[in-house]
Asker: 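Have a look at this one.
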Amino acid sequence: MLARLALNAVIWHVRAGDGGTGDDRAAYGELRSAGTEHTFHALLADGWAEEKPA
C-alpha cells in the first residue's frame, strides 16, 4: 500500500509540474498530490512501514 501511495505521489507531482498547458491538470495534480502525501505520511507515522507478525 505504501509503495502504491508513493508511486501515486510521484505521478501527481509530475502532472502538477506540467503547468502552462492551458487546462486544469496542474491544479488538479497539486490537489491530488497533497492528499496522497498526507495519507502516506499518516500511515508512516502510524507504523505501517514496520513488519508486523502474522
Side-chain angles (χ1 to χ4, degrees):
M1 179 176 9
L2 288 174
R4 173 62 188 234
L5 284 171
L7 180 58
N8 281 352
V10 169
I11 291 169
W12 290 120
H13 273 291
V14 169
R15 290 182 182 175
D18 194 24
T21 58
D23 59 22
D24 294 330
R25 288 190 305 170
Y28 183 69
E30 289 177 20
L31 176 68
R32 291 299 306 255
S33 176
T36 300
E37 286 182 38
H38 174 75
T39 303
F40 181 82
H41 288 292
L43 289 174
L44 278 180
D46 195 36
W48 276 75
E50 300 170 10
E51 283 192 42
K52 305 203 189 244

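Note that the coordinates shown come from a computational prediction; the quantities given were computed from them, not determined experimentally.
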Asker: For a quick test of reading the model, state the closest non-hydrogen atom pair linking L5 to F40 and the distance between them.
Answerer: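 Nearest pair, atom of L5 first, then F40: CB-CD1, 3.9 Å.
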Asker: Applying side-chain contact (heavy atoms from CB on, under 4.5 Å), can you list everything that pairs with L7, at least two apart in sequence or on another chain?
Answerer: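 L7: side-chain contact (heavy atoms from CB on, under 4.5 Å) contacts with I11.
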Asker: Atom NE2 in H41, atom CG in D46: separation rounded to 0.5 Å?
Answerer: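 The CG atom of D46 is 14.5 Å from NE2 of H41, to the nearest 0.5 Å.
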